[in-house]
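Down below is the structure, laid out as structure tokens.
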Amino acid sequence: MFNSRSAAAFGLEKWMTIPTFKWLTTSPMLVKWEFRTPWGICDLVGVELDQSRVNARISNGQTQTIGAPSRVALLHLIPDVNTGKSVTIEALSSQTNDSILTLRQELDALCARRFVITLGDGSFQSKVSWAPLHRRIVAVELKLSRIEEVVAQARSHTVFATESYIGLPQDKAEQLVNSDRSEDIQRIGLGLLSVNTEKATVLIRAKSSVKPDPVLQMHCVERFWRDGVITSRRA
């Protein structure tokens, strides 16, 4: 009979998912498995939404998702209505190298979804004063072993996650935290989870040293938005 502390107890990395999912959901988080990123799949991503910001967005009538990453990036270039500034389509074309026709289609979609308004002079303002919508974004990469690989993967997730964790079987995690390699992990800002068949436990708390990309963060959170709307309406 396998010891629940050991890598052999899992057999497959995916068997580590349930105890890790339970750890994530001890906080008020929406969680997705096998979360697709531009560089590959992240095993688990959890997002904690700011409910007051969710409510503000819903009150604006912005219940639809923003759309593709390119549209999220465009929205970030448009000044918010509270700044008193605006931008023309020509200026946006200069910044993005997109054609006026392409931008017109994207801006029409953003206006239809109430994220952008058109002023009398034809310039544009955004209405996303609630952004960012999240409090936390937690990424977890699970491995039975292969430490260098899992560190590289978890490090890549710091581009969008506020906290990025490595999850290892308990015996492997304890070996790692007591090794010289743990200093490197902490210097990078990654966290370490010890996972057994019953639960996941934090051995090193994540503290990302990299400033996340706000466009990637917003696109990530948008993939949880429909769940956020449902949660808000049930509350």
Side-chain angles (χ1 to χ4, degrees), residues 30 32 34-42 45-47 49-50 53-54 56-139 141 152-164 188-189 208-229:
L30 303 171
K32 291 187 181 293
E34 297 188 344
F35 189 86
R36 187 172 297 280
T37 72
W39 48 88
I41 301 294
C42 180
V45 173
V47 169
L49 299 176
D50 184 317
R53 293 174 181 269
V54 170
R57 175 169 169 169
I58 292 172
S59 70
N60 284 349
Q62 300 163 334
T63 55
Q64 291 181 277
T65 57
I66 295 169
S70 58
R71 190 176 295 165
V72 174
L74 176 61
L75 183 59
H76 270 263
L77 297 176
I78 302 172
D80 187 79
V81 63
N82 288 338
T83 67
K85 299 178 181 180
S86 63
V87 67
T88 64
I89 195 168
E90 291 78 14
L92 290 171
S93 180
S94 176
Q95 292 180 70
T96 62
N97 292 321
D98 288 332
S99 68
I100 297 293
L101 177 60
T102 297
L103 285 173
R104 176 61 65 187
Q105 293 172 338
E106 292 298 288
L107 289 166
D108 284 348
L110 287 168
C111 288
R113 299 181 185 202
R114 303 185 181 183
F115 295 111
V116 169
I117 58 173
T118 309
L119 302 185
D121 62 0
S123 63
F124 300 91
Q125 291 180 326
S126 66
K127 294 187 66 179
V128 292
S129 304
W130 41 260
L133 204 62
H134 64 276
R135 294 180 184 271
R136 301 165 65 206
I137 303 174
V138 181
E141 197 66 47
Q153 290 173 329
R155 187 173 191 173
S156 68
H157 301 327
T158 61
V159 177
F160 74 94
T162 59
E163 303 165 40
S164 183
I188 295 169
S208 179
S209 59
V210 179
K211 186 176 181 181
D213 183 322
V215 173
L216 285 175
Q217 284 194 323
M218 179 176 273
H219 176 61
C220 166
V221 173
E222 281 302 296
R223 292 162 66 183
F224 290 83
W225 172 244
R226 295 193 191 282
D227 297 328
V229 173

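Computation of the quantities below employed the complete heavy-atom set of this structure, encompassing side-chain atoms and omitting hydrogens, waters and symmetry-equivalent molecules.
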His134 side chain reached by Phe224 side chain, heavy atoms, under 4.5 Å: no
Side chain to side chain contact (heavy atoms under 4.5 Å, CB included) evaluation trace for Leu119 with Ile117: CA-CA 7 Å; Leu119 302 185; Ile117 58 173; 4.2 Å; yes
Closest contact, heavy atoms only, Ile41 versus Glu34: CG2-CA, 3.5 Å
Flag, side chain of Asp80 to backbone of Val128, donor-acceptor distance under 3.5 Å: yes
Salt bridge (charged side-chain N to carboxylate O under 4.0 Å, His left out) contacts in which one or both residues fall within residues 85-102, not counting sequence neighbours: none
From CA spacing to verdict: side chain to side chain contact (heavy atoms under 4.5 Å, CB included), Arg114, Thr63: CA-CA 9 Å; Arg114 303 185 181 183; Thr63 55; over 6 Å; no
Sole candidate of Glu222, Arg226, Arg113 that passes side-chain contact (heavy atoms from CB on, under 4.5 Å) when paired with Gln64: Arg113
Value rounded to 0.5 Å, distance of CG in Asp213 from NE2 in His76: 8.0 Å
Validation row: Leu216, Pro38 side chains within 4.5 angstrom (heavy atoms): yes
Min side-chain heavy-atom separation Phe124-Leu110 under 4.5 Å: no
N/O donor-acceptor pair under 3.5 Å between Thr162 side chain and Arg136 backbone: no
Minimum side-chain heavy-atom gap Ile78-Leu107 below 4.5 Å: yes
Separation between CD1 of Ile100 and OG of Ser93, rounded to the nearest 0.5 Å: 4.0 Å
Val45 side chain reached by His157 side chain, heavy atoms, under 4.5 Å: no
Intermediate values then yes/no, side chain to side chain contact (heavy atoms under 4.5 Å, CB included), Thr96 and Leu103: CA-CA 9 Å; Thr96 62; Leu103 285 173; 4.0 Å; yes
Heavy-atom side-chain contact between Val215 and Pro69 under 4.5 Å: no
Gln62 (side chain) donor-acceptor with Lys127 (main chain) under 3.5 angstrom: yes
Parallel, tilted or perpendicular: ring planes of Phe115 versus Trp130, cut at 30 and 60 degrees: perpendicular
Pro132 side chain reached by Met218 side chain, heavy atoms, under 4.5 Å: no
Pairing residues for Arg53 by the side-chain hydrogen bond (donor to acceptor under 3.5 Å, both in side chains) criterion, not counting sequence neighbours: none
Residues Arg223, Val47; criterion side chain to side chain contact (heavy atoms under 4.5 Å, CB included); working and verdict: CA-CA 10 Å; Arg223 292 162 66 183; Val47 169; over 6 Å; no
